[in-house]
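Note sheet for the following structure.
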Amino acid sequence: MSQTNIESMLDEKRVFEPPFARRDNAHVRSMEQYRELCSRADEDPEGFWAERAVKLLDWFRPFDSVLDADMQQADIRWFSGGRLNVAYNCIDRHLTRGRRNKAAIIWQGEPEEDVRVYTYQMLHDEVCRFAAVLRSLGVKKGDRVSLYMPMIPELAFAMLACTRIGAVHSVVFAGFSAVSLQNRIQDCEAKVLVTADAVLRAGRRIPLKNNVDEALRQCPSVEKCIVVRRAGVDIPMEAGRDLWWDELAADPELDAVCPCEEMESEDPLFILYTSGSTGRPKGVVHTTGGYLTYAAHTTQWVFDLQDDDVYWCTADAGWITGHSYIVYGPLALGGTSLMFEGVPTWPSPDRFWHIVQKFRVNIFYTAPTVVRSLMREGVEWTQKHDLSSLRVLGSVGEPINPEAWMWYHNYIGGGKLPIVDTWWQTETGGIMISALPYATPLKPGSATFPLPGIDAAVVDAEGNAVEANQGGYLVVRRPWPGMLRGVYGDPERFRQTYFERFAGMYESGDGARVDEDGYIWVMGRLDDVINVSGHRMGTAEVESALVAHPAVAEAAVVGMPHAVKGESIYAYVTLAADEDESEELRAELRTWVRKEIGPIATPEVIQFADGLPKTRSGKIMRRILRKIASGETSEFGDTSTLSDPGVITDLIDGRLELT
Ligand code: 6R9
């Protein structure tokens, strides 16, 4: 095997210059312009954000002040006194500005022939109708509506309909279990739940409504449940509670003229649940004016979205990425957003590339886990399609290891396209650290620099900025419009989780380092950092080294208690399709990592595993891997978010075989 393509994050020194073609039309055209924008935002943050808010959005009433914030008290308000409506900004205003007949949403269903295109006019009519339905069921401003739906256009309609009447939506990813759904509905006391009969996935019909029936047994707040007919399966409908979407929307009595509610800038827009390191999921609250400003702003600059682009974010709308970068950001800008119902590998591993060619996608935004899984299928699938329409590639969700970066760049980007590796969180509302495609020289594996106006820094335990290449806590020292405004129903948890450790700063919970050129390298959650004999080791770095080995398809690394070293490294490794497990290979991988990073990173244990425990959004649940590594065989806590709970038993069996 070749030793020349060893790629890990620590010795990654390559730099890729941004493309020159099209640069003159880009929103941000050069590093020089980026620096100017940063200086402007640093000198006068309020002026900078006020200008963006006014330029990007239409306000019914102008705001009186830009920012009132006390981070220490966890009290943050943007654009106070301003009034606006999100649906108005994402739909209505485009109707009179030459975009009435432009495609707002192109929807590709899982079956190839299921395509629907909604112009802004059509989107307007659908959203007004459903907003009127909600209103007729008694939903008012401030009421919560839970959405538990597949990736169908009705999900976007329902989100926008809520914003139109000032209701607060809480999308629950359709892959979650009945129990998770129940917890989330109970926490926010939703009045209405919107769902579908079933989900189409990899050629199968996966029932959804029966999870709803189970969840609703103990959700007294829910008065009505609206069901979309998606898969055409027979489901029980509870009289008085369950209603069909199509029947409600077709009701001739329905008054479908539905004016937009004038919302205060700080009125809640949505709640989205996300897991912390401990305890129950947190209901992250985003509000109206700041969130929408930030979603639109980042979509415009980071993806360089232009009016004639077809833009595709492959996330599920059940995650923050789908909220900000399928629905709100692109539509606020009057863009064309592609929404896909299916999975990357069905009916074959070229489904994504087929769709890119079919709709001539220009901007493509996906996750490293997707890139790695498609990489594993072989490059020939990418070569069957014309990908020349693409001009910007994006990555989100976890650090992208340089191997996957290079594959993405070379085979999807034709060796030319910029990759924007975007660091952000549910809590940040939008992208915080990222390259700008026509400005930033790229280093594979680094999210590069904070966006203008974002004061991200890496600090030590006292909150002081660390020196180059020293690891530390990734924090944000100044408020930004997209930041979360609360944890639903729990102000104390909000303050403690994000603002307590470092006075006046937002704590992200991630670890990072800044290199000698100022590039930020996110190492992963701090609870994922392993301390081996007093040396900090980012799991991402060890994983990146392992994945760089040609025999390895995927790797997850956790700390395991060790009598002498404190912690040692335990690695779970999934091999490439044609590789066989052997003691030789195990030894070779150890040597490999030692060579890549240093003896300190040598895995104590390497367990070969056919699969890793992942959430449905593709994040590896290291909490479970840590328990298995430390010899536990039960008490795995909440595993309801796992996409395949069966992997746990396989991993335990694998460990028993090892020892
Ligand atoms: C948008 C989203 C947030 C956590 C975050 C970090 C990890 C996301 C990343 C990244 C390295 C990137 N993360 N993007 N790490 N590089 N480009 O994923 O939100 O689901 O809340 O996850 O994901 O650890 O703290 P969310």
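Reckoned from all heavy atoms, side chains included, excluding hydrogens, waters and symmetry mates. Sequential numbering from 1 along the given sequence is applied to the chain's residues.
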**OP:** Apply the ring pair (Phe, Tyr, Trp, His ring centres under 6.0 Å) test between Phe364 and each candidate in Trp353, Phe340, Phe359, Phe303; give the one that qualifies.
**Re:** Trp353
Subject >> Considering all heavy atoms, the nearest Ile569-Ala601 contact >> reply: CD1-O, 3.4 Å
Original post:
Taking atom CZ of Arg391 and atom CZ of Arg22, what is their separation to the nearest 0.5 Å?
Top reply: 4.0 Å
Subject >> Proximity of Tyr311 and Tyr365 rings by center, below 6.0 Å >> reply: no
Original post:
Checking side chain to side chain contact (heavy atoms under 4.5 Å, CB included) for the pair Thr287/Leu269: CA distance, chi angles, key distance, verdict?
Top reply: CA-CA 5 Å; Thr287 61; Leu269 176 62; 5.6 Å; no
Original post:
Any idea which heavy atoms bring Gly289 and Leu57 closest together, and the distance?
Top reply: O-CD1, 4.1 Å
**OP:** Begin with the C-alpha distance, continue with both residues' side-chain angles, and end with the deciding distance and a verdict on side chain to side chain contact (heavy atoms under 4.5 Å, CB included) for Tyr325 and Thr299.
**Re:** CA-CA 7 Å; Tyr325 299 113; Thr299 306; 3.3 Å; yes
**OP:** Verify, without hydrogens or angle tests, whether Tyr408 (side chain) and Gly394 (backbone) share a donor-acceptor contact under 3.5 angstrom.
**Re:** yes
Subject >> Distance-minimising heavy-atom pair for Val28 and Leu436 >> reply: CG1-CD1, 3.7 Å
Original post:
Taking all non-hydrogen atoms of both residues, which atom of Pro441 and which atom of Thr448 are closest, and how far apart?
Top reply: O-CG2, 4.3 Å
**OP:** Indicate, with yes or no, if the rings of Tyr294 and Trp49 have centres closer together than 6.0 Å.
**Re:** yes
**OP:** May I ask you to decide if the ring planes of Phe270 and Tyr328 are parallel, tilted or perpendicular, using 30° and 60° as cut-offs?
**Re:** parallel
**OP:** Spell out, as yes or no, whether a donor-acceptor pair under 3.5 Å connects the side chain of Thr366 to the backbone of Thr314.
**Re:** no
Original post:
Run the side chain to side chain contact (heavy atoms under 4.5 Å, CB included) check on Arg501 and Tyr473 step by step: do they pass?
Top reply: CA-CA 10 Å; Arg501 194 199 296 246; Tyr473 302 85; 3.3 Å; yes
Original post:
Quick one: do the Trp405 and Asp421 side chains pair a donor with an acceptor below 3.5 Å?
Top reply: no
**OP:** Please check if the distance between the ring centroids of Phe79 and Trp59 is under 6.0 Å.
**Re:** yes
Original post:
Regarding Gln300 and Arg52, is there a side-chain donor-to-acceptor distance under 3.5 Å anywhere?
Top reply: yes
**OP:** Indicate the ring-plane relationship of Tyr291 and His286, choosing parallel, tilted or perpendicular according to the 30° and 60° boundaries.
**Re:** tilted
Original post:
Ignoring hydrogens and geometry, is there a side-chain-to-backbone donor-acceptor pair from Lys102 to Gly334 under 3.5 Å?
Top reply: yes
Original post:
Parallel, tilted or perpendicular: which fits the ring planes of Trp480 and Tyr506, with parallel below 30° and perpendicular above 60°?
Top reply: perpendicular
**OP:** Answer yes if the side chains of Asp304 and Gln306 hold a donor-acceptor pair under 3.5 Å, and no otherwise.
**Re:** yes
Subject >> Test of ring centre spacing under 6.0 Å for Phe352 and Trp312 >> reply: yes
**OP:** Using atom types as modelled and distance alone, determine if a side-chain donor or acceptor of Ser446 lies under 3.5 Å from a backbone N or O of Ile520.
**Re:** yes
Subject >> Side-chain donor/acceptor of Trp407 to backbone N/O of Arg372, under 3.5 Å >> reply: no
Subject >> Sidechain-backbone polar pair: Trp107 side chain, Met151 backbone, donor-acceptor under 3.5 Å >> reply: yes
**OP:** Of all the heavy-atom pairs spanning Pro18 and Pro437, show the shortest one and how long it is.
**Re:** CB-O, 3.6 Å
Subject >> Check: Ala553 main-chain N/O paired with Thr574 side-chain donor or acceptor under 3.5 Å >> reply: no
Original post:
Crowded around Glu32 CD? As in, over 12 foreign heavy atoms under 6.0 Å?
Top reply: no
Original post:
Taking all atoms of both residues into account, what is the closest heavy-atom pair of Leu67 and Trp78, and its distance?
Top reply: CD1-CE2, 3.5 Å
**OP:** In sequence, state the C-alpha distance, the side-chain angles, and the governing distance for Trp423 and Met432, and then conclude on side chain to side chain contact (heavy atoms under 4.5 Å, CB included).
**Re:** CA-CA 6 Å; Trp423 178 86; Met432 301 289 281; 3.7 Å; yes
Original post:
Donor-acceptor pair, Thr422 side chain versus Ser434 backbone, under 3.5 Å?
Top reply: no
